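None of these values were measured; they are calculated from a predicted model. Here, residue 1 is the first one in the sequence, and each next residue gets the next number.
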Amino acid sequence: MSMKVLRDRILADGICLEGGILKVDRFLNHQLDIHLMKQIAVEFLRRFSDLQVNKIVTIESSGIAPSVMLGYLMELPVVFAKKQLPSTLHDAFFTTVHSFTKQRDTHLLVSREFLSPGDHVLFIDDFLAYGNAAKAINDLCCQAGATVEGMGFVIEKEMLHARQLLRSEGINRIESLAIVDSLENGVIHFKED
C-alpha cells in the first residue's frame with residue numbers, strides 16, 4: 001500500500017520532465033523535507049521490521065537521507081556506495097552502473113572495511129526506475145559475500161518493470177512507498193492499491 005502523504009506530496013510538488021523523468025527535488029533530491037523523511041523512515045521500519053539485517057546500504061547522494069533516518073530508527077550503521085574514489089580508499093569493491101537520467105556510466109565502490117561476508121543488508125534508495133542502481137548494489141554485496149535481505153524505494157516507476165529484473169537477480173523482498181504507473185502527457189498517475 002502506498003503512503004498517502006508521500007503520494008500527495010509528489011502530486012503537489014513533483015514535476016514531469018521530458019523523457020519520463022519525475023523531478024522531486026523540492027522535498028527529496030535537492031531540498032529535504034525532514035518531517036517527510038521521518039515519515040518515510042517510519043514506514044520503511046514498519047515494512048521491514050521482520051528482517052534480520054545488520055547494515056543499511058545506499059548510494060550517494062539521494063538515498064542517504066531516507067537511509068540515515070531509517071538507520072537511526074533501527075540503530076544500524078548506514079553504508080553508502082561512493083561514486084568517486086577518494087585518495088584514502090585503496091581496498092574496495094567496485095561495480096559500474098548506468099544512469100538513464102544522466103545518460104552516463106558511474107563507478108560505485110564500497111570499502112572492504114564496511115561490507116563483509118556475513119553482513120545482512122537492507123538497500124534503501126530514492127527511486128526504482130530501470131533497476132540498474134539496485135542491481136549494482138546487489139553486485140557489490142555479492143562481491144563482499146554479503147546477503148541482500150530486502151530493498152526499499154521511496155518512489156517506484158512501475159511502468160519500467162525493474163521489479164521483475166530484481167526478482168530475476170534473486171531479490172524477493174521489494175517495498176516501494178509510492179508506485180507510479182504512468183507519467184504520460186506530463187500527468188503523474190499512481191498504481192491503485
Practice problem: May I ask you to say whether Arg173 pairs ionically with Glu175, meaning some side-chain N is under 4.0 Å from a carboxylate O? | Solution: yes
Quiz prompt | Validation row: Leu177, Phe44 side chains within 4.5 angstrom (heavy atoms) | solution = yes
Quiz item: Does atom CG of Asn185 have more than 12 heavy-atom neighbours from other groups under 6.0 Å away?
Solution: no
Practice problem: For a salt bridge (Lys or Arg N to Asp or Glu O under 4.0 Å) with Asp33, tell me which candidate from Arg26, Arg9, Lys38 qualifies. | Solution: Arg9
Show the atom names and distances, to 0.1 Å, of all donor-acceptor pairs under 3.5 Å that link a side chain in residues 116-124 to residues at least two apart or in another chain.
unit_1	atom_1	unit_2	atom_2	d
Asp119	OD1	Asn54	ND2	2.8
Asp119	OD2	Lys55	NZ	2.9
Asp119	OD2	Ser116	N	2.8
His120	ND1	Glu149	OE2	2.6

Practice problem: Look at atom CD of Glu184 and say whether more than 12 heavy atoms of other residues, nucleotides or ligands are closer to it than 6.0 Å. | Solution: no
Quiz item: Side chain of Gln143, backbone of Phe94: donor and acceptor closer than 3.5 Å?
Solution: yes
Quiz item: Is a side-chain donor or acceptor of Lys191 paired with a backbone partner of Glu158 at a separation under 3.5 angstrom?
Solution: no
Exercise. Return yes if some donor-acceptor pair links the side-chain N/O of His161 with the main-chain N/O of Met159 below 3.5 Å, else return no.
Key: yes
Quiz item: Could Lys82 and Glu60 be called an ion pair, given the rule that one side-chain N must be under 4.0 Å from one carboxylate O?
Solution: no
Quiz item: Between Pro66 and Gly63, which heavy-atom pair has the shortest distance, and what is it?
Solution: CD-O, 3.5 Å
Quiz item: Among all residues two or more places apart in sequence or in another chain, which pass the side chain to side chain contact (heavy atoms under 4.5 Å, CB included) test with Ala162?
Solution: Leu128
Quiz item: Which residues pass the ring pair (Phe, Tyr, Trp, His ring centres under 6.0 Å) test with Phe93, sequence neighbours left out?
Solution: none
